[in-house]
A.B. asks: 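Just passing along the structure, written as structure tokens.
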Amino acid sequence: MANISLPLVLLLTCLIKCLLVSQCEAARAFFVFGDSLVDNGNNDYLFTSARADAYPYGIDTPSHQPTGRFSNGKNIPDIISEHLGAEPTLPYLSPHLQGQKLLVGANFASAGIGILNDTGIQFMNIIRIAKQLEYFQQYQQRLGRLVGDAEAQRLRLHELGARRVLVTGTGPLGCVPAELAQRSRNGNCDVELQRAAALFNPQLVEIINQLNQEIGSNVFVFANAFDMHMDYISNPTAYGLISRKGFDVMGGGHSWE
């Protein structure tokens, strides 16, 4: 994806108790907010150039076709869903997100966004964070019509009793393929962007710690995406990679199987 600006990637996951106790005892709904790291197809329903609907996206899926994910196969939410023992969440804009599918949760992420409203302005039609949260409110209304308003209220982010909010820090921005193409002549990650990420992440950790202190519980959990992705780059053979060339360092490169 060209000209991706990722000052902050947000992946918020909310784990809740079963909405309908008679159906299960430990079901969880899963909600995703963020950008191309976690978008699983919303942008395919938008008139925007920030799309993952062409080769080589999806080459390692069973169909070998693009799925709307900015990955060769699965993305981070897919893997989390697997660990939760749940089916993957559908994009909020998907016409298939109806009925019982709403109980699984929803993915509101949109490639190209950042924490600033003008981030990704070149992509025009994308779902910025404020709009993603607005869609979450719409989701609650839709869920209310399905299970009743009282149960739907239990999905409010600030009222969840059993919840975790995972906030991923910014990854190695200087190693993003688009930035390498524009800034690097020898294939090395851009020093300036790497320094920006290194300055940003510790400040994000401070904010998260402050929030947890105010709440009185470790609700917000920081994920160090920078170190994880740098490990892919510096030690690719440990992950079954022959070379880092052509590897989407920001997307993780997970196969579908």
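Side chains are part of it too, since the values below use all heavy atoms of this structure and drop only hydrogens, waters and symmetry mates.
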A.B. asks: Indicate yes or no: at least one non-hydrogen side-chain atom of L146 is less than 4.5 angstrom from one of L103.
C.D. replies: yes
A.B. asks: Return the CD to NZ distance between E82 and K74, rounded to the nearest 0.5 Å.
C.D. replies: 3.0 Å
A.B. asks: Using side-chain hydrogen bond (donor to acceptor under 3.5 Å, both in side chains) as the criterion, list what pairs up with D231, not counting sequence neighbours.
C.D. replies: Y239
A.B. asks: Are L133 and L143 linked, directly or through other ILVMFWY residues, by side chains that come within less than 4.5 angstrom of each other?
C.D. replies: yes
A.B. asks: Which residues pass the side chain to side chain contact (heavy atoms under 4.5 Å, CB included) test with I207, sequence neighbours left out?
C.D. replies: L211
A.B. asks: Go through the steps to decide whether L204 and F222 satisfy the test side-chain contact (heavy atoms from CB on, under 4.5 Å), and finish with yes or no.
C.D. replies: CA-CA 8 Å; L204 176 60; F222 175 75; 3.7 Å; yes
A.B. asks: Does M228 CE have over 12 foreign heavy atoms under 6.0 Å away?
C.D. replies: yes
A.B. asks: Is there a donor-acceptor pair under 3.5 Å between the side chain of D39 and the backbone N or O of N42?
C.D. replies: yes
A.B. asks: What's the spacing between K131 NZ and F136 CZ if we round to 0.5 Å?
C.D. replies: 15.5 Å
A.B. asks: Can you spot which of L93, I127, N125 makes a side chain to side chain contact (heavy atoms under 4.5 Å, CB included) with Y45?
C.D. replies: L93
A.B. asks: For E179 and L173, run side-chain contact (heavy atoms from CB on, under 4.5 Å): C-alpha distance rounded to whole Å, both residues' side-chain angles, the deciding distance at 0.1 Å, then the answer.
C.D. replies: CA-CA 8 Å; E179 299 298 345; L173 300 181; 5.8 Å; no
A.B. asks: At what distance, to the nearest 0.5 angstrom, does CD1 of I76 lie from OG1 of T168?
C.D. replies: 6.5 Å
A.B. asks: Charged N to carboxylate O below 4.0 Å: is that the case for R69 and D78?
C.D. replies: yes
A.B. asks: Mind checking what makes ring-ring contact (aromatic ring centres under 6.0 Å, His included) contact with F226, not counting sequence neighbours?
C.D. replies: none
A.B. asks: Are any side-chain N or O atoms of S81 and backbone N or O atoms of P77, one a donor and one an acceptor, separated by less than 3.5 Å?
C.D. replies: yes
A.B. asks: Is any side-chain heavy atom of Q132 less than 4.5 Å from a side-chain heavy atom of I113?
C.D. replies: yes
A.B. asks: Would you confirm whether S184, through its side chain, and N188, through its main-chain N or O, come within 3.5 Å as a donor-acceptor pair?
C.D. replies: yes
A.B. asks: Under a single-linkage rule joining Ile, Leu, Val, Met, Phe, Trp and Tyr whose side-chain heavy atoms are separated by less than 4.5 Å, which residues share a cluster with Y55?
C.D. replies: I59
A.B. asks: Just jot down the salt bridge (charged side-chain N to carboxylate O under 4.0 Å, His left out) partners of D53, sequence neighbours excluded, or say none.
C.D. replies: R51
A.B. asks: Of all residues at least two apart in sequence or in a different chain, which pass the side-chain hydrogen bond (donor to acceptor under 3.5 Å, both in side chains) check with Q210?
C.D. replies: none
A.B. asks: What residues, two or more places apart in sequence or in another chain, satisfy side chain to side chain contact (heavy atoms under 4.5 Å, CB included) together with A106?
C.D. replies: Y92, L97, F108, Y139
A.B. asks: Would you name the heavy atoms of P172 and A225 that are closest together and state the gap between them?
C.D. replies: CD-O, 4.2 Å
A.B. asks: What residues form a side-chain hydrogen bond (donor to acceptor under 3.5 Å, both in side chains) with N40, not counting sequence neighbours?
C.D. replies: N107
A.B. asks: Using modelled atom types only, decide if a donor and an acceptor are shared between the side chain of N43 and the backbone of L46 within a distance under 3.5 Å.
C.D. replies: no
A.B. asks: Taking Q194 for its side chain and G174 for its backbone only, find out whether a donor-acceptor pair lies under 3.5 Å.
C.D. replies: yes
A.B. asks: Can you sort out the partners of E87 under side-chain hydrogen bond (donor to acceptor under 3.5 Å, both in side chains), two or more places apart, ordered by chain and number?
C.D. replies: K101
A.B. asks: Does D118 use its side chain to pair, donor to acceptor, with the backbone of I121 at less than 3.5 Å?
C.D. replies: no
A.B. asks: For P66 and A52, which heavy atoms make the closest approach, and how far apart are they?
C.D. replies: CB-O, 3.4 Å
A.B. asks: Which heavy atom in F70 sits nearest to a heavy atom in S36, and how many Å separate them?
C.D. replies: CB-O, 3.6 Å
A.B. asks: Side chain to side chain contact (heavy atoms under 4.5 Å, CB included) with R195: which residues, sequence neighbours excluded?
C.D. replies: V191, L199
A.B. asks: Quick one: are N72 and Y57 in side-chain contact, heavy atoms under 4.5 Å?
C.D. replies: no
A.B. asks: Mind listing the closest non-hydrogen atom pair of A111 and A50 along with its distance?
C.D. replies: O-CB, 3.9 Å
A.B. asks: Going by salt bridge (charged side-chain N to carboxylate O under 4.0 Å, His left out), name the residues that satisfy it together with D44, two or more places apart in sequence or in a different chain.
C.D. replies: none
A.B. asks: Answer yes or no: is there a side-chain heavy-atom contact under 4.5 Å between C175 and M230?
C.D. replies: yes
A.B. asks: Do M124 and T48 pass the side-chain contact (heavy atoms from CB on, under 4.5 Å) test, and can you show the C-alpha distance, the side-chain angles, and the key distance before you say yes or no?
C.D. replies: CA-CA 6 Å; M124 298 181 66; T48 178; 5.6 Å; no
A.B. asks: To the nearest 0.5 angstrom, please state how far the SG atom of C189 sits from the CG atom of L180.
C.D. replies: 5.5 Å
A.B. asks: With side-chain contact (heavy atoms from CB on, under 4.5 Å) as the criterion, how do V167 and I208 come out once you've worked through the C-alpha distance, each side chain's angles and the decisive distance to 0.1 Å?
C.D. replies: CA-CA 8 Å; V167 183; I208 290 174; 3.9 Å; yes
A.B. asks: Looking at every non-hydrogen atom in both residues, tell me the closest pair between G73 and T61 and how far apart they are.
C.D. replies: CA-CG2, 4.0 Å
A.B. asks: Is the side chain of N201 donor-acceptor paired with the backbone N or O of T170 at a distance under 3.5 Å, no angle test?
C.D. replies: yes
A.B. asks: Please identify each residue that fulfils side chain to side chain contact (heavy atoms under 4.5 Å, CB included) with Q98, with sequence neighbours left out.
C.D. replies: R142
A.B. asks: Without hydrogens or angle criteria, can the side chains of N209 and N212 be said to hold a donor-acceptor pair below 3.5 Å?
C.D. replies: no
